[in-house]
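A short write-up of the structure that comes next.
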Amino acid sequence: MHDLSFFRANLDAIAQRLATRGFQLNVEEFRALDSERRAAITESEQLKAQKNAESAEIAKLRKQGLDAEDRQQKVRSMSERISSLDDKVKELDESFRTMLAGIPNIPHESVPVGKTAEDNVEVRRWGQPRQFDFEPKAHWDLGPELHILDLERAAKITGARFAVYWGVGARLERALINFMLDVHTREHGYTEVLPPFLINSASLFGTGQLPKFKDDLFKIENHDFWLAPTAEVPVTNLFRDETLDAGQLPIKLCAYTPCFRSEAGSYGRDVRGIIRQHQFQKVELVKFTRPEQSYDELEKLTADAEDILKRLGLPFRTVVLSTGDMGAASAKTYDLEVWLPGQNGYKEISSCSNFEAYQARRAGIRAKPDKGKADYVHTLNGSGLAIGRTWVAIVENYQQADGTILVPEALRPYLGTDCIKPESQPFH
RNA sequence: GGAGGAAUGGGUGAGUGGUUGAAACCGGCGGUCUUGAAAACCGUUAGCGGGGUGACUCGCUCGGGGGUUCGAAUCCCUCUUCCUCCGCCA
């Protein structure tokens, strides 16, 4: 959501910037709507001022014990006109709000202009994809062979795009969660929070998923509850409609949650394995910053996410998304892509974004300095990391010729073993 | 799920139909005093939206929405949240 007066003052420049991400702002409609709204407000308020003055007169007359019926009659008829004007203002406000809420964020000037993911720009690369002296397998083969991943039974008890992890496979998921939370809280300075996994519509509006991306979400019947598609939603909304102390910023939070996505429109993509699921686990990083520090904090947040991959010894590259590939709420986004032998390529495992004040305006999150007025904060978030895809990356990158998985050093204290073997699982 | 009670400015809290946008106290800010500080005293201290270059001015706002009335923090309806008790439950 954009700031109305800022929009008004910079309309043409904003329209130009939005065009770089493929959004055509209807400048004429905006101007028309705006002046119509202001005219209606002015007229209604002038009438209200008159009405208030009349009421004060009536009060005076009544105190003197005089009759004021003719004045009362006059005000009664004014009230009718006022209420019809106010209805009009309300209507205009609504269409204005809808229009503003549907406009995406303005891309930061450092973001490459482009139409699609093809135009994303790689900014760095870490590690070398391993050269195998045998034919590496994909996780959808390795998982069942090791008896740690069971997609068939998941389909039975729930449906497609769900997974059951068994034994050390389940423990690997849990180990990754604990490992990531520990690194971020103990070494990167984040505070851990555990939010509800169901959230309400207002929260989804605040971070920008609603109203536009309703179809990507799961909704609970008969309640204003939705399954959280990412911890970004509950965690960012923690401070919705609050004014923070600017001295406390940046506030750095991390949260483990499952994430639920309908994946509408992704039929046929990533159908094999657990790359794209209706439910996946994620450790999320969220920051609230002062406006002038947000891009600095974006670099740090991205580095914090990259650090997890480095500690796990997983090769990755970092790309900056082009204007055409970014999410609507973001002003700048880095994607971290991990090397997956099963895909013979890099696959997104984290997305780190600066939303500037876009979400803060929608959600009413402000911060007040010691002196001066409260202003909207900048919000940022990034996956640190997606657990399921990290699970895949470990299994595929650390597979050995005999079909076992070598456990990276950093994870051994969490998993309690240095090698994942099939016989560790007695069922099946 | 049932029965009650509550929601007022940064905080505590007064206010049951007419200069109450809101007393008082605390806190914050500015000042007097002081070598400095404390204390004391004085002043000041809500947000949003219109109009105006501006001093300024008008409107809306006492949890949200609606209603009654010439006029609502105050009366009515409704929703939300919190508290207490009962039931149920991990």
Side-chain angles (χ1 to χ4, degrees), chain A residues 1-11 30-101 194-206 210-211 220-226 234 237-249 251 258 357 360-377:
Chain A
M1 180 108 83
H2 295 280
D3 181 66
L4 186 55
S5 47
F6 175 74
F7 229 75
R8 214 178 256 151
N10 304 281
L11 198 54
F30 182 96
R31 288 218 170 91
L33 217 52
D34 190 35
S35 65
E36 201 182 341
R37 172 178 171 273
R38 288 156 95 174
I41 287 172
T42 303
E43 199 183 338
S44 158
E45 288 187 354
Q46 278 169 357
L47 279 170
K48 281 176 186 165
Q50 282 178 39
K51 181 182 160 183
N52 289 342
E54 287 294 332
S55 284
E57 281 302 313
I58 291 168
K60 225 180 267 177
L61 291 171
R62 294 286 288 263
K63 236 172 206 168
Q64 295 166 12
L66 297 169
D67 177 72
E69 185 49 44
D70 52 333
R71 280 178 188 274
Q72 289 180 25
Q73 192 60 47
K74 187 177 164 193
V75 176
R76 251 192 295 266
S77 67
M78 288 175 72
S79 294
E80 281 170 35
R81 288 189 54 202
I82 288 170
S83 89
S84 84
L85 271 169
D86 280 350
D87 285 348
K88 189 181 168 192
V89 171
K90 211 172 165 184
E91 224 169 276
L92 282 163
D93 269 343
E94 189 51 41
S95 46
F96 223 100
R97 210 189 64 95
T98 306
M99 182 190 180
L100 276 177
L194 181 63
F197 304 156
L198 298 186
I199 66 242
N200 58 31
S201 314
S203 294
L204 286 157
F205 181 85
L210 287 182
I220 304 291
E221 258 186 273
N222 303 126
H223 294 270
D224 182 29
F225 292 150
W226 308 67
N237 279 281
L238 243 21
F239 298 127
R240 170 151 47 88
D241 295 324
E242 290 192 33
T243 300
L244 303 165
D245 175 1
Q248 297 179 304
L249 301 179
I251 293 172
R361 268 187 233 108
R362 295 173 76 101
I365 308 169
R366 300 184 300 162
K368 194 182 178 317
D370 276 350
K371 308 204 169 189
K373 285 185 75 173
D375 194 13
Y376 291 111
V377 301

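Quick note on labels: first sequence line is chain A, next is B, and so on, each numbered from 1. In this text, all values refer to a predicted model and were calculated from it rather than measured experimentally.
As a whole-Å value, the separation of Q73(A) CD from rU69(B) P is 12 Å. Following rounding to the nearest Å, E80(A) (CD) and rC70(B) (C1') show an atom-to-atom distance of 13 Å. In this structure, the CD atom of E69(A) is 9 Å from the C1' atom of rC70(B), given to the nearest Å. The distance from atom CG of D375(A) to atom P of rG47(B) is 14 Å, rounded to the nearest whole Å. Between the CZ atom of R361(A) and the C1' atom of rG47(B) there is a distance of 18 Å, given to the nearest Å. Look at CD on Q72(A): it is 15 Å from P on rG18(B), rounded to the nearest Å. To the nearest angstrom, P of rC48(B) lies 8 Å from OH of Y376(A). A straight line from CG of L85(A) to C1' of rG59(B) spans 13 Å, rounded to a whole angstrom.
Shown here, rU61(B) is classed syn by the O4'-C1'-N9-C4 or O4'-C1'-N1-C2 angle, which is within 90° of 0.
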Under a 3.5 Å cutoff on both atom distances, Watson-Crick or G-U, what's the dot-bracket for RNA chain B ([ ] crossing, | other strand)?
((((((((.[[[..)..(.....]]]((((((.......)))))).(((((....)))))..[[[[[..)....]]]]])))))))....
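The number of heavy-atom neighbours closer than 6.0 Å to CZ of F225(A), taken from other residues, nucleotides and ligands shown, is 12 or below.
At a cut-off of 3.5 angstrom, the base of rG49(B) holds at least one donor-acceptor pair with the side chain of E45(A).
Taking 4.0 Å as the cut-off between side-chain N and carboxylate O, D375(A) and R366(A) do not count as a salt-bridged pair. Between E54(A) and R76(A) there is no salt bridge, since no side-chain nitrogen of the basic residue lies less than 4.0 Å from a carboxylate oxygen of the acidic one. A salt bridge does not link D86(A) with R81(A): none of the charged nitrogens is closer than 4.0 Å to a carboxylate oxygen.
Taking atom P in both rU53(B) and rA14(B), one finds a spacing of 46 Å when rounded to whole Å. Across rU8(B) and rG87(B), the matching P atoms stand 31 Å from one another, rounded to whole Å. Nucleotides rA22(B) and rC76(B) have their P atoms positioned 25 Å apart, rounded to a whole Å. Nucleotides rU80(B) and rG63(B) place their C1' atoms 8 Å apart, quoted to the nearest Å. Rounded to whole Å, the P atom of rU12(B) lies 15 Å from the corresponding atom of rC83(B). rU20(B) and rC62(B) have their C1' atoms separated by 10 Å, with the value rounded to a whole Å. Distance check on atom P: rC25(B) versus rA40(B) gives 13 Å, rounded to whole Å. Between rG9(B) and rG67(B), the two C1' atoms lie 27 Å apart (nearest whole Å).
For K51(A), the listed nucleotide lying nearest its side chain is rG71(B); candidates were rG71(B), rG47(B), rG50(B). Which of rU69(B), rG65(B), rC60(B) sits closest to the side chain of K48(A) comes down to rC60(B). Closest to the side chain of R76(A), out of rC48(B), rG71(B), rU69(B), is rU69(B).
Between E54(A) and R38(A), the residue anchored closer to the 5' end of RNA chain B is R38(A), taking for each the nucleotide with the nearest heavy atom. Mapping S79(A) and K90(A) onto RNA chain B via the closest heavy atom, the residue that lands nearer the 5' end is K90(A).
Within the nucleic acid shown, K74(A) has no heavy atom closer than 4.0 Å to any nucleic acid atom.
Taking 4.0 angstrom as the limit, R37(A) places none of its side-chain polar atoms (N or O) nearer than this to OP1 or OP2 of rG49(B). When the side-chain nitrogen and oxygen atoms of N52(A) are compared with OP1 and OP2 of rG59(B), one or more of them lie within a distance under 4.0 Å.
For the pair E242(A)/I365(A), no side-chain contact is recorded, criterion being any heavy-atom separation below 4.5 Å from C-beta on. A heavy-atom distance below 4.5 Å is found between the side chains of L92(A) and E36(A). Proximity of V377(A) to F239(A): side-chain heavy atoms (C-beta onward) are nowhere separated by under 4.5 Å.
Taking OG of S44(A) as the start and NZ of K51(A) as the end, the distance is 9.5 Å to the nearest 0.5 Å. Rounding to the nearest 0.5 Å places OG of S55(A) at 9.0 Å from CD of Q72(A).
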